Amino acid sequence: MILAVGLVVRLFLFFYFLDTPRFFWDDDSSSYINNAENTLLGNGFSRVDESPYEPDAFRTPGYPTFLLL
């Protein structure tokens, strides 16, 4: 019974926050997502949302290359 209640609560939260993707990110995901979005927008490999787009020293550009390989 308790597992069914937990499942219902999780499904409710999933569909309630479906239009808010940041709700599903954990702490580590946001830095990777920001880097990927800035790279796609042509702002370089940076976590910063506003100009000047400083390079990210925490996540090296070698990581996306590693994923590409």
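The model shown is predicted, which means the values in this text are computed figures rather than measured ones. Residue numbers start at 1 and run along the sequence shown.
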| said: Through direct or indirect side-chain contacts below 4.5 angstrom among Ile, Leu, Val, Met, Phe, Trp and Tyr, which residues connect to Ile2? | reply: Leu3
| For Leu11, all residues meeting side-chain contact (heavy atoms from CB on, under 4.5 Å), sequence neighbours excluded | Leu7, Phe15
| task | Indicate, with yes or no, if Val8 and Tyr16 share a hydrophobic cluster defined by side-chain heavy-atom contacts under 4.5 Å among Ile, Leu, Val, Met, Phe, Trp and Tyr. | result |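 Tyr16 does not cluster with Val8.
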| query | Checking Asn38 side chain against Asn43 main chain: does a donor-acceptor pair fall under 3.5 Å? | reply | no
